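Right, one structure below, let's go through it.
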Amino acid sequence: MRYSEMFLPTIREIPSDAEVVSHQLMLRAGMIRKLTAGIYTYLPLGYRVIRKVEQIIREEMNRAGAQEIFMPAVQPAELWQESGRWEHYGKELLRFRDRHDRECCLGPTHEEVVTELVRNEIKTYRQLPRNLYQIQTKFRDEIRPRFGVMRCREFGMKDAYSFDVDQEGADISYKKMYDAYHAIFRRCGLRFRAVEADTGSIGGNFSHEFMVMADTGEDAVVFCNRCDYAANLEKAEIARPEKLAVDEKTFLPLTEVHTPNVRTIEEVCAFLGVTPQAVVKTLIFSADGKPVAVLIRGDEEVNEIKVKNLLKCNELEMAMDDMIMAAARAPRGFVGAVGIKAKVLADYSLLNMVNCVMGANKEDYHVKNVNIGRDFKVDVFADLRVARESDPCPRCQGELRFARGIEVGHVFKLGTKYSEAMKAVYLDKSGQEQTMIMGCYGIGVGRTVAASIEQNNDENGIIWPVPIAPFHVIITPVNINEPRLAEVAGKLYESLADKGVDVLFDDRDERAGVKFNDADLIGIPLRVTVGPKRLAEGKVEVKIRKTGEVKALSLDEAEAFIAGFIREAL
RNA sequence: CGGGGCGUAGCGCAGCUUGGUAGCGCGCUUGCUUUGGGAGCAAGAUGUCGCAGGUUCAAAUCCUGCCGCCCCGACCA
């Protein structure tokens with residue numbers, strides 16, 4: 001490709017509305033332009049990178065035995081009503097009506113469509129297992145799009161769906177994808193980690209997220225400093241502390257204290273002269289409309305996902321005032337566990353608390369010296385809090401550490417959530433009808449590209465890993481108006497292009513400095529500089545973008561070096 | 001949806017308080033010079049001042065409504 005003919009508008013200044021470095025560089029390098037909130041056009045340079053990533057994905061998916069299909073973006077509401085997600089998916093699902101007033105949506109994911117396809121076409125165990133995937137545009141009407149293509153509304157995604165006869169087969173399908181994802185992200189040159197994760201609105205029993213490690217990542221990742229346990233913060237388990245023997249003789253008498261207008265943990269501590277570790281926080285949640293009290297030590301935070309998963313409910317939210325009054329007979333701020341009319345869940349942080357402080361279920365009063373068992377009962381003790389740095393690892397004696405990550409892929413064991421709701425069944429060997437076991441597997445293509453930039457850049461611009469670089473080499477004659485330089489550079493360009501090297505020929509009538517800066521900005525791994533000084537010795541310079549290393553080589557040596565460099569990096 | 005901010009040339013911004021000729025830098029066009037890390041000189045083009053109302057002799061500027069975008073929060077594959 002000749003630079004002079006390429007639609008490649010680079011920007012010198014940092015765009016003011018771009019927060020993260022990948023967004024800034026994608027704009028500056030002429031990869032993307034915004035059409036409207038969370039919706040982007042990929043320009044030639046950006047789209048070349050997208051296609052490279054897609055190609056790597058295709059190769060690894062095919063290698064893992066998956067087959068590529070292409071499903072519609074527009075989907076009928078009936079399918080979503082069948083799976084139950086028409087109700088549950090919420091506002092992220094973009095819904096509309098066609099001219100016949102039929103309800104439709106733009107696919108944010110394709111479990112319904114693929115399950116509809118498979119249930120119609122697959123009838124027997126002989127046709128299983130199957131893994132079908134596509135690379136396609138998804139639409140999710142994000143509440144707040146941000147960070148460029150990192151969290152946008154319309155984006156390219158590879159989504160795969162596996163169908164198996166039993167759990168054992170499904171586990172194998174899952175493992176194949178888990179391994180394929182490692183291969184894909186490794187080939188994309190990313191530093192990443194697979195972590196255990198919550199299944200969210202996709203549903204299912206088990207999942208891993210593939211996290212690219214980056215300080216600007218939106219997700220908090222927890223990992224053990226001793227074993228290989230790693231999880232998303234919202235999923236991160238905490239080891240159950242040992243329950244110490246309690247001597248009931250140490251229990252002090254339950255005492256009511258007048259605490260007018262003292263509501264928050266901080267106010268209670270200040271008023272009574274105690275630490276948050278001595279106070280029990282009582283939160284009332286509405287779980288599918290029923291009140292549930294969650295108790296936790298005053299200095300800890302409740303992890304609502306853990307509560308939701310423990311209760312196995314569909315909707316969990318903080319209770320409204322009327323529900324709190326009904327359960328506690330006291331307003332927010334004075335709620336406690338003694339005499340509460342609700343199911344009582346307690347975090348493990350309460351296991352060894354004695355003589356603690358909590359709301360009295362009476363306005364403007366708290367109680368002191370509350371003790372579990374004597375004063376109230378706990379229905380279930382569980383791990384319900386948000387993990388913190390240095391918490392005990394759930395798998396070994398190690399401690400948890402925190403990092404930030406960007407979720408570029410997610411693999412799920414779905415079980416029968418969709419196959420049961422939508423009756424995707426097959427006949428087994430004995431002619432019995434069985435429900436298929438499903439898995440689903442996603443990769444955000446644009447997000448993978450952005451994540452790569454987050455990890456691979458410097459003050460001058462992007463530094464592409466070779467496998468996903470839009471071009472491997474850029475040839476820069478320092479002055480295109482010097483016939484000798486133009487000729488040598490042009491011949492080298494033709495020769496490399498003939499050999500199948502992705503080469504960009506910067507034949508623009510620009511000053512050398514402009515070209516060097518653009519080459520650095522768009523991040524091409526190798527730059528060949530053709531200038532008068534070296535050419536007098538019959539040589540050109542090859543500069544490695546990543547290391548800054550410069551080699552003076554003859555034309556033949558340069559071609560050999562380039563070929564070797566690319567081969568090694570791929 | 002709550003809080004905050006912004007909207008003036010392709011990009012980045014000033015002008016608005018105190019109403020009166022729309023400006024600066026970069027980019028763009030032309031010419032000459034220059035040519036190894038974002039050149040110099042000269043000449044030039046480019047605006048529904050986000051949109052719609054209102055006040056006024058007069059609105060980028062004041063008032064009202066709307067739209068769009070960004071940030072924080074809530075929410076979330």
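Atom set for the values below is all heavy atoms of this structure, side chains included, hydrogens, waters and symmetry mates excluded. Keep in mind that this is a model prediction, so the values were computed, not measured. Every chain is numbered from 1, with letters handed out A, B, ... down the list of sequences.
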**Request:** Take A/Pro532 and A/Ile143, find for each the nucleotide of RNA chain B with the closest heavy atom, and name the residue whose nucleotide sits nearer the 5' end.
**Result:** A/Pro532
**Item:** Check: A/Ser22/A/Glu454 side-chain N/O donor and acceptor closer than 3.5 Å
**Value:** yes
**Request:** Find the distance A/Asp520:CG to B/rG36:C1' and express it as a whole number of Å.
**Result:** 13 Å
**Message:** Nearest whole Å is fine: how far is B/rG38 P from A/Lys515 NZ?
**Reply:** 14 Å
**Request:** Please report the closest heavy-atom contact between A/Ile184 and A/Glu60, naming both atoms and the distance.
**Result:** CG1-CB, 3.4 Å
**Message:** Between the base of B/rG37 and the side chain of A/Lys543, is one N or O donor paired with an acceptor at under 3.5 angstrom?
**Reply:** yes
**Message:** Is it the case that the side chain of A/Glu541 and the backbone of A/Val550 share a donor-acceptor pair, with hydrogens and angles ignored and the cut-off at 3.5 Å?
**Reply:** no
**Prompt:** For A/Ser162, which of A/Tyr133, A/Tyr174, A/Tyr441 qualifies under side chain to side chain donor-acceptor pair (under 3.5 Å)?
**Reply:** A/Tyr441
**Request:** Could you check A/Asn479 against A/Val408 and say which one's nearest nucleotide on RNA chain B is further toward the 5' end?
**Result:** A/Asn479
**Request:** Starting from C1' on B/rA77, measure out to CH2 on A/Trp80 and report it in whole angstrom.
**Result:** 11 Å
**Message:** Does the structure show a Watson-Crick or G-U wobble partner for B/rC32, both distances under 3.5 Å? Name it, or say none.
**Reply:** B/rG40
**Request:** Any strand is fair game: report the nucleotide pairing with B/rC6 by Watson-Crick or G-U wobble, both distances under 3.5 Å, or none.
**Result:** B/rG68
**Item:** Parallel, tilted or perpendicular, as decided by the 30° and 60° cut-offs, for the rings of A/His208 and A/Phe206
**Value:** perpendicular
Protein N or O to nucleotides 28-33 of chain B N or O, pairs below 3.5 Å:
none

**Prompt:** Expressed in angstrom and rounded to an integer, what is the separation of A/Asp509 atom CG from B/rU34 atom C1'?
**Reply:** 11 Å
**Same-atom distance (C1') from B/rU46 to B/rU8, integer angstrom** = 14 Å
**Asked** Across the strands shown, which category fits A/Arg33 at heavy-atom distances under 4.0 angstrom: base, sugar-phosphate, nothing?
**Response** nothing
**Over-ring placement of A/Arg527 relative to A/Phe516, 6.0 Å and 45° cut-offs** = yes
**Fill in**
Partner of B/rC1 under the Watson-Crick or G-U wobble criteria, both distances under 3.5 Å, comes out as B/rG73
**Request:** List the steps, then state whether salt bridge (charged side-chain N to carboxylate O under 4.0 Å, His left out) holds for A/Asp458 with A/Arg545.
**Result:** CA-CA 10 Å; A/Asp458 64 14; A/Arg545 174 71 178 88; 2.9 Å; yes
**Complete:** A/Asn481 has its side chain closest, among B/rG38, B/rC76, B/rU35, to B/rU35
**Prompt:** Are any of the side-chain nitrogens in A/Asp299 or A/Arg385 under 4.0 Å away from the carboxylate oxygens of its partner?
**Reply:** no
**Request:** For A/Arg508 and B/rG36, give me the distance from atom CZ to atom C1', rounded to whole Å.
**Result:** 15 Å
**Request:** Can you label the angle between the A/Tyr40 ring and the A/His23 ring as parallel, tilted or perpendicular, going by 30° and 60°?
**Result:** perpendicular
**Prompt:** What is the distance from CG of A/Asp141 to C1' of B/rC76, rounded to the nearest Å?
**Reply:** 12 Å
**Asked** Does any nucleotide pair with B/rU56 by Watson-Crick or G-U wobble geometry, both distances under 3.5 Å, and what is it?
**Response** none
Might you list the N or O atoms of the protein lying below 3.5 Å from N or O atoms in nucleotides 39-46 of chain B, with each pair's distance?
| unit_1 | atom_1 | unit_2 | atom_2 | d |
| --- | --- | --- | --- | --- |
| B/rA39 | OP2 | A/Arg511 | NE | 3.2 |
| B/rA39 | O4' | A/Arg511 | NE | 3.4 |
| B/rA39 | N9 | A/Arg511 | NH1 | 3.3 |

**Prompt:** Of all the choices, B/rG38, B/rC76, B/rA77, which nucleotide is nearest to the side chain of A/Glu92 once you look at every atom?
**Reply:** B/rC76
**Item:** Listed nucleotide nearest any side-chain atom of A/Arg534, set B/rG36, B/rA77, B/rU35
**Value:** B/rG36
Would you tabulate the nitrogen or oxygen pairs shorter than 3.5 Å linking the protein to nucleotides 66-71 of chain B?
| unit_1 | atom_1 | unit_2 | atom_2 | d |
| --- | --- | --- | --- | --- |
| B/rC69 | OP1 | A/Thr36 | OG1 | 3.2 |
| B/rC69 | OP1 | A/Ala37 | N | 3.1 |
| B/rC69 | O3' | A/Lys34 | NZ | 3.0 |
| B/rC70 | OP1 | A/Lys34 | NZ | 3.4 |

**Request:** Return the value, rounded to whole Å, for the distance between atom CD1 of A/Ile14 and atom P of B/rG27.
**Result:** 17 Å
**Request:** Examine the side chains of A/Gln134 and A/Asp159 and answer whether a donor and an acceptor come within less than 3.5 Å of each other.
**Result:** yes
**Request:** Give the rounded distance in Å between these two atoms: CG of A/Leu521 and P of B/rG37.
**Result:** 18 Å
**Request:** Tell me yes or no: between the side chains of A/Tyr42 and A/Arg51, is some donor less than 3.5 Å from an acceptor?
**Result:** no
**Prompt:** If you measure only the distance, is there a donor-acceptor pair under 3.5 Å linking the side chains of A/Glu559 and A/Ser495?
**Reply:** yes
**Message:** Base, sugar-phosphate or nothing for A/Glu482? Non-hydrogen atoms, less than 4.0 Å.
**Reply:** nothing
**Request:** Could you tell me which nucleotide pairs with B/rA45 by Watson-Crick or G-U wobble geometry, both distances under 3.5 Å, or answer none if nothing does?
**Result:** none
**Prompt:** Taking 4.0 angstrom as the limit, do A/Lys235 and A/Glu209 come out as a salt bridge?
**Reply:** no
